[in-house]
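Working notes for the structure below.
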Amino acid sequence: MKQYTVGELAKKAGVSAHILRHYDKIGLMKPSAISESGYRLYTEADLQMIQKILSLRWLDLSLADVQKVIQTEQPDEIHAALRFQKEKTLEEIERCQQMVRAIDILERQETFQWQQLIDVNRMIRIQNEYTDHQRHAKRA
């Protein structure tokens with residue numbers, strides 16, 4: 001069975017050795033073995049695990065959420081995490097679109113005035129509060 005050192009696994013996975021040591025420290029991904037010299041040793045299964053972790057991190061899940069999903073491996077838990085991240089991503093897209101619209105409005109002005117930026121920001125915040133209120137009302 002092929003075993004990898006921290007550096008070898010880090011290189012194969014495209015992460016730093018520091019990340020692997022951190023994941024070991026927090027209990028997210030322990031090495032499969034420790035050599036007689038005290039070096040962490042990893043297997044192909046560990047390479048698969050780090051790829052799962054990196055995929056969940058790419059979806060912007062926190063390390064705590066990654067650990068929860070990895071430990072349970074329950075499809076419902078994974079789908080719930082994915083839905084939550086999708087919601088957060090869609091909200092961030094909306095926020096970015098609002099920023100672009102605000103910048104478009106401000107760019108059309110002949111001269112920049114702080115009050116215009118303040119007014120646009122206030123209008124967007126009010127709109128977001130209304131949207132949040134509607135979203136919470138639907139859940140209740």
Side-chain angles (χ1 to χ4, degrees):
M1 172 172 62
K2 173 77 173 139
Q3 290 186 320
Y4 304 100
T5 64
V6 170
E8 291 169 336
L9 185 69
K11 187 174 182 179
K12 276 187 102 47
V15 298
S16 70
H18 174 78
I19 292 286
L20 293 176
R21 286 189 291 272
H22 178 67
Y23 289 175
D24 179 13
K25 181 180 177 183
I26 66 171
L28 181 58
M29 190 180 107
K30 296 285 187 185
S32 289
I34 304 290
S35 74
E36 291 178 11
S37 308
Y39 292 107
R40 294 171 177 91
L41 298 174
Y42 297 90
T43 63
E44 286 294 324
D46 295 320
L47 178 59
Q48 291 296 313
M49 177 60 75
I50 191 66
Q51 290 172 339
K52 287 179 184 180
I53 292 168
L54 294 174
S55 295
L56 293 170
R57 291 292 288 153
W58 178 76
L59 291 172
D60 205 29
L61 268 70
S62 70
L63 285 177
D65 287 338
V66 168
Q67 194 160 20
K68 184 177 175 186
V69 168
I70 293 292
Q71 286 175 346
T72 63
E73 292 249 356
Q74 297 293 320
D76 291 345
E77 195 72 41
I78 294 169
H79 286 123
L82 291 174
R83 280 191 302 275
F84 176 75
Q85 281 311 117
K86 182 178 177 180
E87 248 182 64
K88 279 180 50 179
T89 302
L90 289 171
E91 288 172 4
E92 182 64 16
I93 288 169
E94 177 59 30
R95 189 183 75 76
C96 289
Q97 289 172 335
Q98 290 172 344
M99 288 174 57
V100 168
R101 287 191 297 270
I103 291 168
D104 285 344
I105 290 168
L106 296 170
E107 284 182 332
R108 286 194 293 269
Q109 306 303 317
E110 287 184 27
T111 58
F112 175 80
Q113 295 179 13
W114 279 106
Q115 191 57 48
Q116 291 171 328
L117 177 59
I118 293 167
D119 291 344
V120 169
N121 179 267
R122 183 178 301 132
M123 177 187 68
I124 289 172
R125 281 196 340 253
I126 290 169
Q127 180 183 1
N128 287 343
E129 287 172 11
Y130 176 76
T131 303
D132 288 345
H133 176 73
Q134 293 296 326
R135 195 175 296 133
H136 291 300
K138 285 181 183 178
R139 290 180 185 161

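Just so you know, these numbers come straight off a predicted model, no measurement behind them.
- Atom CG in Leu56 sits 12.0 Å away from atom CD in Gln51 (nearest 0.5 Å).
- Between Thr72 atom OG1 and Ile78 atom CD1 the span is 6.5 Å, to the nearest 0.5 Å.
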Inset, instruction - Kindly determine whether Val15 and Tyr23 satisfy side chain to side chain contact (heavy atoms under 4.5 Å, CB included), including the steps that lead there. - result: CA-CA 11 Å; Val15 298; Tyr23 289 175; over 6 Å; no
Inset, instruction - Could you walk me through whether Lys68 and Asp65 pass salt bridge (charged side-chain N to carboxylate O under 4.0 Å, His left out), step by step? - result: CA-CA 5 Å; Lys68 184 177 175 186; Asp65 287 338; 5.7 Å; no
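- There is no path of hydrophobic side-chain contacts, each under 4.5 Å, that joins Leu117 to Val100.
- A salt bridge is absent between Glu44 and Lys12: the closest approach of a Lys/Arg side-chain nitrogen to an acidic carboxylate oxygen does not fall below 4.0 angstrom.
- Residue-environment remark: CE (Met123) exceeds the threshold of 12 foreign heavy atoms within 6.0 Å.
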Inset, instruction - Give the intermediate values and the outcome of side chain to side chain contact (heavy atoms under 4.5 Å, CB included) for residues Leu20 and Arg40. - result: CA-CA 10 Å; Leu20 293 176; Arg40 294 171 177 91; over 6 Å; no
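- With rounding to the nearest 0.5 Å, the separation of CD in Gln116 from CG in Asn121 is 13.5 Å.
- A heavy-atom distance below 4.5 Å is found between the side chains of Gln97 and Ile93.
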Inset, instruction - Check the pair Leu63, Gln67 against side chain to side chain contact (heavy atoms under 4.5 Å, CB included), reporting the backbone distance first and the verdict last. - result: CA-CA 6 Å; Leu63 285 177; Gln67 194 160 20; over 6 Å; no
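- Salt-bridge annotation for Asp24 and Arg21: absent, with no side-chain N of the basic residue lying under 4.0 Å from a carboxylate O of the acidic one.
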Inset, instruction - Begin with the C-alpha distance, continue with both residues' side-chain angles, and end with the deciding distance and a verdict on side chain to side chain contact (heavy atoms under 4.5 Å, CB included) for Thr89 and Asp60. - result: CA-CA 9 Å; Thr89 302; Asp60 205 29; 6.0 Å; no
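- Separating the OG atom in Ser35 from the CD atom in Gln3 is a distance of 9.0 Å, to the nearest 0.5 Å.
- Leu9 CG to Leu41 CG: the interatomic distance, rounded to the nearest 0.5 Å, is 10.5 Å.
- By the neighbour-count criterion of 12 heavy atoms within 6.0 Å, atom NZ of Lys2 is densely surrounded, having more than that number from other residues, nucleotides or ligands.
- Using a cutoff of 4.0 Å between basic side-chain nitrogens and carboxylate oxygens, Arg95 and Glu92 are scored as salt-bridged.
- At least one side-chain heavy atom of Leu47 sits less than 4.5 Å from a side-chain heavy atom of Ile50.
- Looking only at side-chain heavy atoms (C-beta outward), Met49 and Tyr42 stay at 4.5 Å or farther from each other.
- The CD atom of Glu87 lies 12.5 Å from the CG atom of Leu82; values are rounded to the nearest 0.5 Å.
- Within a 6.0 Å radius of NZ in Lys30, other residues, nucleotides and ligands contribute more than 12 heavy atoms.
- In this structure, His22 and His18 have parallel ring planes: the angle between them is below the 30° cut-off, well short of the 60° mark.
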